[in-house]
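Below is one structure; the comments refer to it alone.
Per chain, numbering begins at 1; letters A, B, ... match sequence-line order. When reading the values below, keep in mind they use all heavy atoms of this one structure, side chains included, and skip hydrogens, waters and symmetry mates.
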Amino acid sequence: MTFYNFEEIENKWKDKWFSDNLYEAVDFSPKPKKYILAEFPYPSGAALHSGHMMRYTVPDVYARYLRMNGYNVLFPMGWDAFGLPAENYAVKTGIHPAVTTKKAIDAMKQSLMRMGYGIDWGREIATANPKYYKWTQWLFLKFYEHGLAELKEMPVWWCEALKTVLAEEEVLTDKDGNKISERGEHPVERRLLKQWVLKIPEYAEKLIEGLNYVDYPNSIKQAQINWIGRSEGAEVDFHIKGISEKVRVFTTRIDTIFGATFIVISPEHQIIEKIVTEEQISAVHEYMRLASQKSDMERTELAKDKTGVFTGAYAINPFNNEEIPIWTSDFVVMSYGTGAIMGVPAHDQRDFEFAQKFNLPIIPVIQPNDNNQPMLPFDGEGILISSGEFNGLKSPDARILMTDKAQNEGFGYKKINYKLRDWIFSRQRYWGEPIPLMYVEPDGHIEVETNLPLVLPDVPDYTPTSDASAPLARNQEWVNTISPSGKPAKRETNTMPNWAGSCWYFIRYLDPNNDNEFADMEKMKYWLPVDRYFGGAEHTNMHLLYSRFWYKFFYDIGLVPTPEPYQWRLNGGLLLGADGRKMSKSLGNVVDPMTVVENYGADALRLFICFIGPYEDTYPWNENGIKATFRLINTIYDIRNRVSENIENNELKKAFHKMLKNITDMTQDLKMNTVVSEIMIFINESKKVEKIDKELWMEFIKSLAPFAPYLAEELWQEVNGFKEWKKESSVHLQKWPKYDPEIIKMDQITIPVQINGKVKDEVLINALDTEETVKQKVMESEKFQNAVEGKEIIKIIYIPNKIFSAVIK
RNA sequence: GAGCACGUGGCGGAAUUGGCAUACGCGCACGGCUUAGAACCGUGUCCGAAAGGGUGUGGGUUCAAGUCCCACCGUGCUCACCA
C-alpha cells in the first residue's frame, strides 16, 4: 500500500487555499446566498480544543457542500476576545490581556486552518479591536437613548476582603455552609449595588412570539420559553393593620385569596423596617443577615426545610377583611414579582409546608370538580367554596371576576410577570468594552461620550479598586474628562460583559471594515438572516437569547432588515474523554486536536468527528475510531493506483450513484455519520474491482471533497494532471456531482412476505409489477402455500416494492 | 419538583419516519502476510441445537411497532420553593 503522506500534502494545500482566499464569500453575488454561522471561539490560553472541532467540522462540511451546489456561501470566523481568563492571568502576571489574547488568536487561527475549515478569513473580526467595539459602544448607546439601559440597584455577590463583585461561579461554600470567595477564601455576601442593566424583560413578549417564525429544535424553543417564564396573574394590595402602609403581592391564583392565612415577604423587602414590631425586630434582623449569605438558588431549593420569622405585623385581606400575620422567609425572593406573596396553604405546596411548620391555619377554598375531598394541598382548578359572593364559580371565571373587582375598587389589577430578569450589564473588570457614559459635575447627571471608540486605556494595575469600581478607576487621567457640554465629568469605569460583543458579531462579518456604520444596510439585506446557526447548548438561555434581544431591538429602531437574526439553530454535543467523563486537565483525559492531526491528519480527524454520531449528541473519544477513518483515507489513496480510462464497471457505477444519492440527501440533513458509512460501503465495493474508470473516479473525488478536503484536492489535482496551482481549478470550486436515478433504479427487488405479521418468505419481483402480478408471484410460492393451507385469507396488504402482507384465519 | 431529551449487540451507532432490527465502524475470534510483533489483508461475529426469541419493564393500537398511545423503571441536560 502506498503511504499517504498526509502531513506534507495537507500543509501544501492549506497554504495554497488560504493565501488565495479560496473560500471567499462575495457580497451581492447573483448566486443564491447561504449564511452558515458557528459560534466564534473565545481565544483562551493554549489553542484549539476538542470542543471547537466538534463545533466547526459539521458546519464546515455543510458549507462546502453548499458551495459546490452553486451557493454563495458565507462561513466566517472571528474572536470573542474580551473575557475573564485573560484578565485573571493579567492580574497574576501583569501581562496585558491584549498580549495574551493576540497570542492565542494567532495559534488558534493556525489550528483552524490546519483543520481545513473553509473559512473566508477576509472577514475575520475580534471583539476587543477598537474598530469593532466602537460599534458595540455605539449600539449600547442606542439602548441607553431608548431607555432600555439604566442604572439600577441589583443584588450581587460582594467580597469585602477583595473589594470586588464576584460571579456566581467564583463563590464557593465552605464546610460550615458559609459563602467564601474562590480566590483567597474570604467571606462573601449578597449586597445591593448600582449596576447598569439592559431591560430585556421589556422584550419578553417579542422574544416568545418570534420563536413562532424560526426553525429551532423544540427543546431550544421550550428552554427559552421556560427561561422567560411568562405567567399571568394579578397584583393585589393588602393594607397593614394600624399603619398607613400596604404590601403588594403577586398571585396567579387570585381565585384562592379567601384561603390566604398569612403573607410572606422577602427578607430584602423595603417595607420590613416600617412594619416590624419592637418585640420582633432583633429576630427579623438576624434572619435578614442569614438570608444575605444565600444564593437565590439555595433559598428556593425545593427539598429545603422552611424557615421564617414573624414580623409582628398584620395585613388585611381586601376580599374578606380578615387580619392575617405577615412573615418574612427567604423562599420569597425580591427578584420575582413584588417580593411578597399571600400564603394559601390549602392550595400551594410551599405555602402548605410553611403553614405546617409554623402552625398557621389551613382553609380550603377550592373544591375539585369531581366533588371528591382532595388531599391538601390541592393546587388544581375547581369550584370556589368559603369565598363569599364568589362561591360556586369555576377557578378561571373567578379569577376574571375577582381581578375585575380588585381593579374597580382600586386595590389590584391584572399583571403579567416574567422570570426573565434585567440583564446586569456592568462589570467591575478591566478587559471589556468601556461604557461610553460619564457623570457630569456638579449634579452627576449622565452625558454620552460622542467620540467613539472610547478606547480602553492602560492601567497600572488590573486588580479592582477599593470602592466597588473597576480597575479603570486607577487611571485618573482617563476618568477625569470634559463632557460634550463642556463641564468637568468623570467617566463610567465599569466595562461591558463578555456577552456584549457576541450579541451582534454575526452582523459585523457582513461588513467588517466599515468605519462609518456598524454594517451597510444593503449588505445586511443581502445576507441576513443567518440560515444556519451552530452552537453550544450552554448558550440557549444566555447568548442566544441576548443576541435575539439586541437584534429585535435594532429591528424596532430600523437598524437591521429582518425581525429575527437566526432562521435556524442547532446545538452541538460534546466530546468526552476516553473514560466517558468530561475532559479536564485534572482528570488527564484531554484530547488535543492538534496532536491527533499530527498523528492521523486533519482529514482522518474530520471524518472521525463526522462518523462518531449525530452533531447534537455527546460521545467519548475513541482512539480506535480514528484509526478506522485513517484506514479509509489510506485505502482511498491506494485505490487511485488502479484508475484507468474507459473502464466498464457497471456494478461499481451503480454502487457509486446509490452512494451519491444517499450522501446528497444525508448531507442536506446533516447526517454526516451515515455519510461516512456510505463512503465506506462504496470503497469496500471499489476494493473488489481490478480497474476503476477515471470518469467515475473523478465524480467520486468531488463527492469526497466536503468531508476530506485535503485528500480530495490532492487526488483531483493529480487525476487532472494539473502541474500548477490555480484557484479556479480547486476541487472545492467544482460542481457537486449529480446522481443518475436511471442507474440506481432497481429492476428486480426482493420483498418480504408476511403472514399475520411474521415474515414467512421472500419473493423476487420486478419494480414495475402491479399488485396483481406480485400477488400471483406470492401465491405461487411454496412456503406461502404451505402456510395458508386450509386457512382463509381475509386481508392482503401490499406496499409497493416494500412488503407483502397477508392476514389469514 | 418542573421542562426537554433519551434508553437498540461487548462498545459508538444505523433503521428510507409505521414495513425484513442490528447498516457502517470498533472490539473480539480464526486465517493470511511476517523469523516474530506492529501495521496491513481476508473470513466470521444478537441469543438458541432447532422450532423460535430478541430494541429498559408492563400493557395497548395495528396486517405490521425500535418508531404511535398509556403506566412504570432508569440515564442525561437545563432550570428550579417563581407565588
- Query: Hey, is B/U17 sitting syn or anti, using the within-90° cutoff around 0?
  - Reply: syn
- Item | Any A/Y336 side-chain N or O less than 4.0 Å from OP1/OP2 of B/A83 | yes
- Query: According to a strict under-4.0 Å criterion, is A/R350 in side-chain N/O contact with OP1 or OP2 of B/C82?
  - Reply: yes
- Checking all strands, does A/Q754 fall into the base, sugar-phosphate, or nothing category for heavy-atom contacts under 4.0 angstrom? base
- Query: Given the C1' atoms of B/U55 and B/G74, what is the spacing between them in whole Å?
  - Reply: 16 Å
- Taking the side chain of A/I341 as its heavy atoms from C-beta onward, which of B/C20, B/G12, B/A83 lies nearest to it? B/A83
- Query: Rounding to the closest angstrom, what is the interatomic distance between B/G56 and B/U62 at atom C1'?
  - Reply: 23 Å
- Query: Who is the Watson-Crick or G-U wobble partner of B/U67, with both distances under 3.5 Å?
  - Reply: none
- Message: Using O4'-C1'-N9-C4 for purines and O4'-C1'-N1-C2 for pyrimidines, with syn meaning within 90° of 0, is B/G60 syn or anti?
- Response: anti
- Message: Taking NZ in A/K658 as the centre, count heavy atoms belonging to other residues, nucleotides or ligands within less than 6.0 Å. Is the count above 12?
- Response: no
- Message: Is A/N417 close enough to B/A83 that one of its side-chain N or O atoms is under 4.0 Å from OP1 or OP2 there?
- Response: no
- Between B/G19 and B/C69, how far is it from one P atom to the other, in whole Å? 15 Å
- Please work out if A/D617 contacts a base, only the sugar-phosphate, or nothing of the nucleic acid, heavy-atom cut-off 4.0 Å. nothing
- Message: Could you tell me how far B/C47 sits from B/A29 if I compare only their P atoms? Round to whole Å.
- Response: 15 Å
- Answer for the Watson-Crick or wobble partner of B/C46, both distances under 3.5 Å, is B/G53
